[in-house]
Amino acid sequence: MWKNVQPAPPDSILGLTDAFRKDQNPEKVNLGVGVYKDEEGNTPVLRCVKAAEKELLEIQVSKSYLPISGDPAYGDAVHRLILGEGNEVIASGRAATAHAPGGTGALRVGGDLIRKFNPDARLWVSSPTWANHNGIFGTAGFTISNYSYYDSKTRGLDFEGMMADLGKVPAGDVVLLHACCHNPSGVDLNAEQWQRVAALAAERGFVPFLDFAYQGFGEGVDEDRFAVEQFAATGIDVYVASSFSKNFGLYNERTGAITVITPSAEEAAVAMSHLKTVIRTNYSNPPAHGGLVASLILNSPELHAMWLEELGGMRDRIRNMRSALVQGLASNGVKGDFSFIEKQRGMFSFSGWSDEVVAQLRRDNSIYIVGGGRINLAGLTSSNIDYVCAAVAKAMK
């Protein structure tokens, strides 16, 4: 079967990690893969997660299958997290949520659900976007188009270009939006801009699909859900793919959710019935452990408070690394204004470094960066920041 088949190319990001693991240089630095690292360069298990797992070990009495849509308590916790306590959508029952295997699984389930009833819908993604968006939705059968987003000259948002492009999106098409901490640019919309995009969606009739993978890594848990709240308040159909990989550190537990917000409770019930059919023919029902852990944390005042504290620590560390990088580049004489890095949010930044610089950093210094110059700030530590800045200065001479 495979004799005349060419090998598939490695994933642009995960393939980079494989190369990093094989590198024997003791000073190697991975700024590619989107995984949080602490000051020691480790991806930690949060204290609140350890505590919840200990409790779960004591109270769990069965490993039987979860329902197709997951544990109902998990769905309720997701609603409160992405919409906020007391949100009208929750009170009126306008949201249907299913536990999905990670944010990636949530995106695919949402895409399959849309394709089931609107096979002619086109998907619009930001330019640039997370590379896997094209793979996920292309494999689901969507034709994909781009809308303007990042301005490489200003290192900021091309909002007018974005609005001009979205103003041409036909009714029924799907627009994929990063709810916060845009990947890969780190450039987000402000509150007024989100309000204008939500109003445009209601006016044009396109379907907003929010990728919400980094709640809490921008300004805070409450602040980062602003976009979701704005779209939900319009009363139109909205899709939200959320993930607990980053903000709970539950990477290998594959813990995410797909939420469909509808104009009425009756429509939400219909949406849930079809979500279940899509899931049943894919992975049947979700993995339990991560969702049960997240539910325990979000439903316990003590564990919830511990989580917010730990999440705040991760957010502050990334901010500190942004500042350290800007200062380190300046002190090493790298030409240019890199202050834009401090203005961006989340784990990622477009550094502006060319592919030639990226290649030299890998070849000469074992510093691994995704092509295009996207860097993961969480890969920087106080012990490697000087090494990285000096290497960049040499490569950019």
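Between T259 and A95, the shortest heavy-atom distance links the atoms CG2-CB, 4.1 Å. Here the closest heavy-atom approach between residue F348 and residue Q344 is recorded as O-OE1, 4.1 Å. What you find for A121 and V174 is that their closest heavy atoms are CB-CG2, 4.3 Å. Nearest heavy atom pair, residue A294 against residue F248, reads CA-CE2, 4.3 Å. The two residues G105 and A100 have their closest heavy-atom pair at C-CB, 4.0 Å. Of all heavy-atom pairs spanning L275 and V109, the tightest one is CD2-CG1, 3.6 Å.
Sorted by first and then second residue, the side-chain hydrogen bond (donor to acceptor under 3.5 Å, both in side chains) pairs involving residues 297-312 (not counting sequence neighbours) are R80-N299. Counting only residues at least two apart or in different chains, salt bridge (charged side-chain N to carboxylate O under 4.0 Å, His left out) contacts with residues 88-103 comprise E88-R94. Residue pairs satisfying the side-chain hydrogen bond (donor to acceptor under 3.5 Å, both in side chains) criterion with at least one member in residues 186-200, sequence neighbours excluded, are listed as follows: D188-R345. Listed by first then second residue, pairs satisfying salt bridge (charged side-chain N to carboxylate O under 4.0 Å, His left out) with a partner in residues 361-387 number zero, not counting sequence neighbours. For the side-chain hydrogen bond (donor to acceptor under 3.5 Å, both in side chains) condition, the pairs that include at least one residue of residues 163-178, sequence neighbours left out, are W124-D173, T129-H178, S148-D165.
How far CG of L176 is from CZ of F142: 10.0 Å, rounded to the nearest 0.5 Å. Atom CZ of F338 is separated from atom CZ of R322 by 14.0 Å, given to the nearest 0.5 angstrom. E267 CD to M272 CE: the interatomic distance, rounded to the nearest 0.5 Å, is 15.0 Å. N384 contributes atom CG, which lies 12.0 Å from atom CG of N365 (distance to the nearest 0.5 angstrom). Between the CG atom in D222 and the CD atom in E85 there is a gap of 9.5 Å [rounded to 0.5 Å]. Here L250 contributes atom CG and S245 contributes atom OG; the two are 7.0 Å apart, rounded to the nearest 0.5 Å.
Under the 3.5 Å distance criterion, with hydrogens and angles disregarded, a donor-acceptor pair is assigned to the side chains of S145 and R122. Judged by distance alone, the side chains of S69 and H99 never bring a donor and an acceptor atom under 3.5 Å apart. Defined by atom type and a distance below 3.5 Å, a donor-acceptor pair is present between the side-chain atoms of S383 and T381. Donor-acceptor pairing under 3.5 Å is lacking for the side chains of S127 and N146.
Looking at S351, its side chain does come within 3.5 Å of a backbone N or O of G373 through a donor-acceptor pair. Under a 3.5 Å cut-off, the side chain of Q215 and the backbone N or O of R225 do not form any donor-acceptor pair.
In terms of hydrophobic clustering, with Ile, Leu, Val, Met, Phe, Trp and Tyr side chains grouped at heavy-atom distances under 4.5 Å, V270 and V278 are assigned to different clusters. A continuous path of ILVMFWY side-chain contacts below 4.5 Å connects L177 to L200, so both sit in one hydrophobic cluster. The cluster map of Ile, Leu, Val, Met, Phe, Trp and Tyr, joined by side-chain heavy atoms under 4.5 Å apart, puts L66 and I68 in different clusters. In the hydrophobic cluster analysis, where Ile, Leu, Val, Met, Phe, Trp and Tyr join through side-chain heavy atoms closer than 4.5 angstrom, V78 is grouped together with L56. Criterion: ILVMFWY side-chain heavy atoms under 4.5 Å apart, direct or through other members. Under it, I59 and L298 are part of a common hydrophobic cluster.
Under the 4.5 Å side-chain criterion, counting only non-hydrogen atoms from C-beta, L113 is in contact with Y239. Y36 is not listed as a side-chain neighbour of N247, based on a closest heavy-atom distance of 4.5 Å or more. Annotation: side chain of D237 is not in contact with side chain of I261 (no heavy-atom distance under 4.5 Å). With a 4.5 Å cut-off on side-chain heavy atoms, F117 and H274 count as touching. In this structure the side chain of K276 never reaches within 4.5 angstrom of the side chain of I279, judged on heavy atoms.
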Chi angles and distances behind the side chain to side chain donor-acceptor pair (under 3.5 Å) call for D23, S366: CA-CA 7 Å; D23 195 319; S366 297; 2.9 Å; yes

Run the numbers on L311 and V221 for side chain to side chain contact (heavy atoms under 4.5 Å, CB included), then give the verdict. CA-CA 9 Å; L311 178 57; V221 169; 3.5 Å; yes

One pair to check against side chain to side chain contact (heavy atoms under 4.5 Å, CB included): I90 and D76. What are the steps and the verdict? CA-CA 9 Å; I90 299 174; D76 292 343; over 6 Å; no

Might you work through the side chain to side chain contact (heavy atoms under 4.5 Å, CB included) test for V187 and F340, ending with a clear yes or no? CA-CA 9 Å; V187 175; F340 64 89; over 6 Å; no

Take V207 and V175 through the test side chain to side chain contact (heavy atoms under 4.5 Å, CB included) and record every step on the way to the result. CA-CA 6 Å; V207 179; V175 175; over 6 Å; no

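Clustering of Ile, Leu, Val, Met, Phe, Trp and Tyr by side-chain heavy atoms under 4.5 Å joins V61 with none of the others. Cluster partners of M1 are W2, V5, counting Ile, Leu, Val, Met, Phe, Trp and Tyr whose side-chain heavy atoms approach within less than 4.5 Å, directly or via other members.
Within a 6.0 Å sphere centred on NZ of K28, other residues, nucleotides and ligands contribute more than 12 heavy atoms.
Legend: residues meeting side chain to side chain contact (heavy atoms under 4.5 Å, CB included) with E40, ordered by chain and number and at least two apart, are D38, N42. Residues satisfying the side chain to side chain contact (heavy atoms under 4.5 Å, CB included) criterion with A213, sequence neighbours excluded, are D211, S243. For R115, the salt bridge (charged side-chain N to carboxylate O under 4.0 Å, His left out) test picks out no residue, with sequence neighbours left out.
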If you look only at distance, which donor and acceptor atoms sit under 3.5 Å apart when one is on a side chain in residues 323-335 and the other is two or more places apart or in another chain?
unit_1: S323; atom_1: OG; unit_2: E342; atom_2: OE2; d: 2.7
unit_1: S331; atom_1: OG; unit_2: Q327; atom_2: O; d: 3.2
unit_1: S331; atom_1: OG; unit_2: G328; atom_2: O; d: 3.0
unit_1: N332; atom_1: ND2; unit_2: G328; atom_2: O; d: 2.8

In residues 284-292, what donor-acceptor pairs under 3.5 Å come from side-chain atoms, sequence neighbours left out?
unit_1: S284; atom_1: OG; unit_2: R280; atom_2: NH1; d: 2.3
unit_1: H289; atom_1: NE2; unit_2: E53; atom_2: OE2; d: 2.8

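Remark: K246 is not positioned above the aromatic ring of Y251, lacking an NZ or CZ atom under 6.0 angstrom from the ring centre and at most 45 degrees off the axis.
A side-chain contact (heavy atoms from CB on, under 4.5 Å) with I385 is found for one member of L380, N320, V29 and no other, namely L380. Checked against H182 for a ring-ring contact (aromatic ring centres under 6.0 Å, His included), the options F350, F217, Y150, Y149 give a single hit: Y149.
Contact check on E55 versus K50 returns no salt bridge, with no Lys/Arg side-chain nitrogen under 4.0 Å from an Asp/Glu carboxylate oxygen.
The aromatic ring centroids of F209 and F137 lie less than 6.0 Å from each other.
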